[in-house]
Engineer: 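Below is one structure. I have some questions about it.
Owing to the predicted nature of the structure, the values given are computational and were not obtained by experimental measurement. Chain identifiers are assigned alphabetically (A, B, ...) following the order of the sequence lines, protein sequences preceding nucleic acid strands; residue numbering begins at 1 within each chain.
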There are 2 protein chains.
Amino acid sequence: MAKANDKSRDDADLASPRKRGGPSEATQARRQRQVDEKRRVILGAALELFSTFGFHGTSVDQIAERADVSKGNLLYYFRNKDELYASLLRELLVVWLAPLRAFDPAQDPADAIRGYIHQKLIASRDNPAESRLFCLEIMQGAPIFGDELIANLKRLVDDKRTVIEQWIAQGKLAPVTPHHLIFFLWATTQHYADFSFQVEGLTGKTLRNRAFFAEVERSLCDIVLAGILPH
Amino acid sequence: MAKANDKSRDDADLASPRKRGGPSEATQARRQRQVDEKRRVILGAALELFSTFGFHGTSVDQIAERADVSKGNLLYYFRNKDELYASLLRELLVVWLAPLRAFDPAQDPADAIRGYIHQKLIASRDNPAESRLFCLEIMQGAPIFGDELIANLKRLVDDKRTVIEQWIAQGKLAPVTPHHLIFFLWATTQHYADFSFQVEGLTGKTLRNRAFFAEVERSLCDIVLAGILPH
DNA sequence: GTCTATAACGGGATAGAC
DNA sequence: GTCTATCCCGTTATAGAC
């Protein structure tokens with residue numbers, strides 16, 4: 001966020017001719033808030049479109065229209081389409097990885113996993129677009145955001161691998177391969193976001209349906225926990 | 001395939017001026033084989049590119065280059081880009097759904113599920129591009145192949161739902177929700193194809209590594225079977 | 001900061017020679 | 001059947017008025 005804003009701030013310095021002494025700090029802060037708000041709106045529109053139609057399937061014009069700004073104006077806030085896309089991914093990465101980050105060796109593994117599934121299903125229900133965006137990006141080999149994404153993932157996963165290993169050493173978990181357990185949790189929970197179109201087509205329901213949400217959560221917890229708690 | 005070929009055959013009739021009586025049946029058959037072969041090469045190139053870069057991220061030019069034909073020539077075999085894409089999906093649908101189709105009420109459910117996981121992992125190892133192609137298509141709401149794809153899926157899934165229900169009625173399976181079991185198997189096995197880039201980035205291995213393949217298979221079977229066999 | 005106009009480019013599809 | 005040349009459109013990005 002900080003980095004992404006550097007540019008707009010630089011441009012603003014050039015573009016708005018100041019009287020001697022410049023505007024008050026309050027005025028500057030207000031302007032900055034308006035700038036941030038507009039960036040937020042544009043990023044929101046970009047998220048919806050990129051996650052549905054992909055990077056190449058979405059035009060800057062479409063994003064501008066959805067965000068209710070002109071294309072020229074959009075390209076004042078983001079240097080080009082690539083930067084808009086990268087900003088979007090960078091901003092969402094932290095929140096997208098949050099549920100896994102919560103894993104802690106002090107927790108009971110069953111609680112931790114139940115909690116993870118719950119959090120991830122809520123995210124899949126409320127923010128399916130984010131999930132789809134990362135799905136698309138990773139599936140295509142992360143061509144744009146690339147190394148940054150994988151490097152972040154790797155740091156987190158290495159960290160959580162040791163947590164799972166501790167649980168196993170303490171006899172609290174069956175000897176599963178940590179990587180596969182993590183992939184397993186990712187795959188099953190994200191499925192309901194990434195393939196919501198298919199899930200809805202086949203079952204007629206989405207995670208927004210209370211009963212369906214509970215059913216998914218129970219099914220996943222039952223299967224996973226039965227398979228990984230010490231026998 | 002039959003439908004897709006109608007057009008080329010029509011065009012061939014128009015394009016190649018025949019002497020009275022026309023070419024021998026043997027000659028016609030040979031030509032047809034060459035036509036089929038060329039279509040196959042083009043479809044193969046299209047599969048690799050579409051599954052990696054998506055429909056909009058791939059140009060007809062790139063496909064032509066990879067298939068070693070000119071763009072003009074490619075568009076002689078496929079009316080346009082959309083038709084090429086739809087032909088590809090239609091042709092792969094049957095083989096892609098084959099592993100699930102094998103589910104049979106006479107089988108032991110543990111055997112059936114072990115067999116499914118094995119088949120699907122082999123497919124994920126040997127034909128990851130097909131898996132990614134369907135993943136992309138379904139994730140984007142199946143805009144092009146659309147209703148045809150969902151209709152096919154629905155027929156198959158409804159069929160297998162009753163198989164699973166029978167297993168449960170016979171006490172051979174814990175009372176799982178059939179849909180969720182199916183989603184579960186899809187999600188976990190396809191993960192290794194669709195996210196192979198991520199899997200490799202994090203573990204340093206792919207399904208082509210013998211030991212890794214066995215590890216994945218064992219992990220999946222252990223977890224799933226422990227969770228769904230009658231307790 | 002915001003808009004319109006337009007330059008510059010790439011892609012899909014067709015025409016027509018061979 | 002195959003190729004090259006070309007048309008035409010949509011798209012990105014910039015220039016410049018306000």
Side-chain angles (χ1 to χ4, degrees), chain A residues 5 7-18 22-23 27-28 30-42 45-46 49-50 53-87 144, chain B residues 5 7-18 22-23 27-28 30-42 45-46 49-50 53-87 144:
Chain A
N5 269 349
K7 182 226 160 205
S8 349
R9 217 176 286 119
D10 290 349
D11 284 3
D13 289 347
L14 290 172
S16 48
R18 293 189 193 168
T27 306
Q28 273 190 32
R30 190 163 45 77
R31 279 209 188 127
Q32 190 54 44
R33 270 201 307 281
Q34 285 173 346
V35 166
D36 287 348
E37 168 62 10
K38 196 145 195 176
R39 286 179 62 94
R40 218 187 47 72
V41 171
I42 293 170
L49 291 165
F50 281 145
F53 304 109
F55 181 79
H56 297 288
T58 304
S59 71
V60 176
D61 241 341
Q62 291 172 306
I63 297 170
E65 193 180 2
R66 188 180 242 264
D68 206 32
V69 298
S70 73
K71 181 165 58 165
N73 195 215
L74 188 155
L75 289 166
Y76 170 80
Y77 284 92
F78 297 91
R79 197 175 265 89
N80 52 43
K81 192 182 175 182
D82 278 37
E83 193 204 280
L84 169 57
Y85 184 77
S87 298
I144 296 174
Chain B
N5 268 349
K7 181 224 162 210
S8 352
R9 220 176 282 122
D10 291 349
D11 284 2
D13 288 347
L14 291 171
S16 48
R18 292 189 191 165
T27 306
Q28 274 191 32
R30 190 164 43 78
R31 281 212 185 126
Q32 189 56 43
R33 270 200 307 281
Q34 286 173 345
V35 166
D36 288 348
E37 169 62 12
K38 196 144 194 178
R39 285 179 62 94
R40 218 186 48 71
V41 171
I42 294 170
L49 292 165
F50 281 145
F53 305 108
F55 182 79
H56 297 288
T58 304
S59 71
V60 175
D61 243 340
Q62 292 173 304
I63 298 170
E65 193 180 2
R66 187 178 242 265
D68 206 34
V69 297
S70 71
K71 180 164 63 164
N73 195 217
L74 188 154
L75 289 166
Y76 170 80
Y77 284 92
F78 297 92
R79 198 174 265 89
N80 53 44
K81 192 181 176 183
D82 279 38
E83 194 204 279
L84 169 56
Y85 184 77
S87 297
I144 296 172

Engineer: So which nucleotide from D/dT4, C/dA13, D/dG1 ends up closest to the side chain of B/Ser70?
Structural biologist: D/dT4
Engineer: Does the side chain of B/Val35 reach to within under 4.5 Å of the side chain of B/Gln32, using non-hydrogen atoms?
Structural biologist: yes
Engineer: Nearest-Å distance, CG (B/Leu75) to P (D/dT6)?
Structural biologist: 18 Å
Engineer: Rounded to whole angstrom units, what separation is found between the CZ atom of B/Phe78 and the P atom of C/dG12?
Structural biologist: 15 Å
Engineer: To the nearest Å, how far apart are B/Gln28 CD and D/dG1 P?
Structural biologist: 10 Å
Engineer: Which nucleotide, C/dC3, D/dA13, D/dG1, lies nearest any side-chain atom of B/Asn73?
Structural biologist: D/dG1
Engineer: How close or far is atom P of C/dG12 from atom CG of B/Asp82, stated in whole angstroms?
Structural biologist: 10 Å
Engineer: Take the protein atom NE2 of B/His56 and the nucleotide atom P of C/dG11, then report the distance between them rounded to whole Å.
Structural biologist: 14 Å
Engineer: Ignoring backbone atoms, establish whether B/Tyr76 has a side-chain N or O less than 4.0 Å from OP1 or OP2 of C/dT14.
Structural biologist: no
Engineer: Of the nucleotides C/dG1, D/dT14, D/dG1, which one has an atom closest to the side chain of B/Val35?
Structural biologist: D/dG1
Engineer: Start with the C-alpha gap between B/Thr58 and A/His56, add the side-chain angles, then the distance that decides, and say whether side-chain contact (heavy atoms from CB on, under 4.5 Å) holds.
Structural biologist: CA-CA 9 Å; B/Thr58 304; A/His56 297 288; over 6 Å; no
Engineer: Expressed in angstrom and rounded to an integer, what is the separation of A/Lys71 atom NZ from D/dT11 atom P?
Structural biologist: 8 Å
Engineer: Expressed as a whole number of angstroms, how long is the span from B/Phe50:CZ to C/dG12:C1'?
Structural biologist: 12 Å
Engineer: From C-beta outward on B/Arg31, which listed nucleotide comes closest to its side chain: C/dG12, D/dT11, D/dG1?
Structural biologist: D/dG1
Engineer: On the side chain of B/Lys81, is there an atom forming a donor-acceptor pair with the base of C/dG11 - under 3.5 Å, no angle test?
Structural biologist: no
Engineer: For the side chain of A/Tyr77, counting heavy atoms from C-beta on, which of C/dG1, D/dT11, C/dA13 is nearest?
Structural biologist: C/dG1
Engineer: Taking OP1 and OP2 of D/dT2, is either one under 4.0 Å from a side-chain nitrogen or oxygen of B/Lys38?
Structural biologist: yes
Engineer: Nearest whole angstrom, please: distance from the P of C/dA8 to the CG of A/Asn80.
Structural biologist: 19 Å
